[in-house]
2 protein chains.
Amino acid sequence: MPTQTRRERAREERRTLILRAARDLAESEGWDAVTTRRLAEAVDYSQPVLYGHFKNMDAIADAVALEGIAELTEVFRAARSSATDDTAGLRALAQAYLEYADQHPAVYEAMFVRRTDLQFGRSETPASLTDAFNEIRAVVEPFATDDPESLTEVFWSALHGIATLTHGRRLRSTHHQARLETLVSRFIGNK
Amino acid sequence: MPTQTRRERAREERRTLILRAARDLAESEGWDAVTTRRLAEAVDYSQPVLYGHFKNMDAIADAVALEGIAELTEVFRAARSSATDDTAGLRALAQAYLEYADQHPAVYEAMFVRRTDLQFGRSETPASLTDAFNEIRAVVEPFATDDPESLTEVFWSALHGIATLTHGRRLRSTHHQARLETLVSRFIGNK
DNA sequence: TCTGAATCCTAGCACTGCTAGACAATCTAG
DNA sequence: CTAGATTGTCTAGCAGTGCTAGGATTCAGA
């Protein structure tokens with residue numbers, strides 16, 4: 001039935017409209033500003049409509065997070081493919097990571113800071129989550145001596161720490177490049 | 001006047017009572033559960049009393065954070081003094097850091113995750129903040145080749161990343177020790 | 001005991017997430 | 001084309017939030 005599919009398409013469009021509005025609002029005014037009323041007003045519907053698409057507000061943030069992870073994975077791929085050797089690959093990914101976090105703080109927060117129901121380490125983990133992790137792993141692995149998984153986790157943690165502490169104004173607002181180089185030098189093994 | 005001082009002492013006691021209640025509530029049910037009403041009930045006063053001691057709820061969390069930073073600094077000192085050489089010092093501090101974050105997640109969140117008005121890098125930074133940072137710096141410095149400040153920031157970032165990603169269930173729930181050893185090995189320079 | 005000051009609480013505002021129930025639009029079947 | 005069922009949407013409301021104005025109460029000093 002074409003009627004049904006048209007309806008479904010309209011529904012799908014409205015879903016993305018909501019996500020788009022939520023993301024824009026979060027990026028411009030922070031997640032605290034993303035309330036049901038403001039979001040409903042932004043998409044020109046009443047609040048209950050939101051609950052027809054998402055279980056609750058947290059589910060909206062989770063959906064934005066999933067979108068962001070797919071984006072981030074693409075950013076990683078681009079960074080990796082632009083590099084000519086292993087060291088350049090590591091540096092490019094690190095730089096790309098910190099840039100993404102800096103330019104999309106709200107999406108970054110939804111992905112890696114906010115409390116979320118998304119399962120990261122489990123078997124039901126969405127493929128996109130493991131995809132992103134594997135991209136990091138790919139650039140870290142050449143420098144691993146024994147346990148690439150742990151090394152990847154630690155490298156990611158360092159990037160995450162730099163991103164969040166910087167955003168929270170807990171690190172010096174300068175020396176971005178110095179921190180990046182310091183991090184990279186410690187992971188390529190002091191050559 | 002002894003009357004005045006007794007009053008002031010009572011005021012001070014109530015202030016610490018509030019902080020104690022806030023901290024306990026946050027640790028047992030999370031910061032979302034620390035509302036003015038519940039907190040007021042816990043200390044057996046009405047909400048407005050809270051505002052006689054703190055500008056707003058965020059100021060209460062900030063006060064808990066300051067307390068925590070003093071605690072953490074002591075933990076650092078103990079870890080450092082228990083170590084016999086530089087490598088052991090680095091490892092001991094890292095271990096102590098992650099243990100503290102794991103055992104006091106709410107205080108940790110107040111210190112390093114929640115949005116805060118506390119100034120970290122500026123001149124008006126409370127001394128306790130720089131004290132804690134300097135403790136980290138002290139164990140990192142022996143392994144610095146050129147820029148100890150940046151190296152300290154990166155080491156702290158890695159610890160912070162591991163702590164928060166672990167708490168948010170974004171890293172494997174196992175391999176704690178492996179991550180710690182991996183981190184330490186990268187900072188002592190692959191000996 | 002009386003007076004002025006310090007202290008504390010009740011009540012309320014504007015906001016939050018979320019939902020029940022009324023209403024309107026649309027599709028289906030006769 | 002119409003009657004009935006199904007969707008879709010909105011209004012209104014609940015229980016909770018941070019925070020505050022203003023009145024009641026207690027207390028200190030004369």
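Below, read A as the first sequence line, B as the second, and so on, with proteins coming before strands; counting in each chain starts at 1. Just so it is clear, the model here is predicted, and its values are computed rather than measured.
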Lys/Arg-Asp/Glu bridge criterion (N-O < 4.0 Å) met for A/Arg114, A/Asp58: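 Yes, A/Arg114 and A/Asp58 are salt-bridged.
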Charged N-O contact under 4.0 Å between B/Arg77 and B/Glu74: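 A salt bridge links B/Arg77 with B/Glu74.
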Nucleic acid contacts - residues 50-58 of chain B versus DNA chain C, non-hydrogen atoms under 4.0 Å: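 Nothing qualifies; none.
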Single hit among A/Glu181, A/His175, A/Gln177, A/Arg172 for side chain to side chain donor-acceptor pair (under 3.5 Å) with B/Ser150: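 Of the listed options, the one satisfying the test is A/Arg172.
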NZ or CZ of B/Arg14 within 45° of B/Tyr45 ring axis and under 6.0 Å: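 Relative to the ring axis of B/Tyr45, which defines the angle, B/Arg14 lies inside both limits.
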Near-ring test B/Tyr108/B/Tyr97, centroid separation under 6.0 angstrom: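 Yes: the rings meet the under 6.0 Å criterion.
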Centroid separation A/Tyr100 to A/His104 less than 6.0 Å: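 Yes: the rings meet the under 6.0 Å criterion.
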Trace of the side-chain contact (heavy atoms from CB on, under 4.5 Å) decision for A/Arg170 with B/Trp156: CA-CA 11 Å; A/Arg170 287 173 169 102; B/Trp156 176 30; 4.1 Å; yes
DNA chain D contacts made by residues 32-49 of chain A, counting heavy atoms under 4.0 Å: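 Of all residues in residues 32-49 of chain A, the ones placing a heavy atom under 4.0 Å from DNA chain D are A/Arg37, A/Tyr45, A/Ser46, A/Pro48, A/Val49.
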Among A/Glu29, A/Glu109, A/Glu71, the one residue meeting salt bridge (Lys or Arg N to Asp or Glu O under 4.0 Å) with A/Arg23: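 It is A/Glu71, the one option of A/Glu29, A/Glu109, A/Glu71 that forms the salt bridge (Lys or Arg N to Asp or Glu O under 4.0 Å) with A/Arg23.
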Any B/Arg14 side-chain N or O less than 4.0 Å from OP1/OP2 of C/dC8: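 Affirmative; the distance criterion is met.
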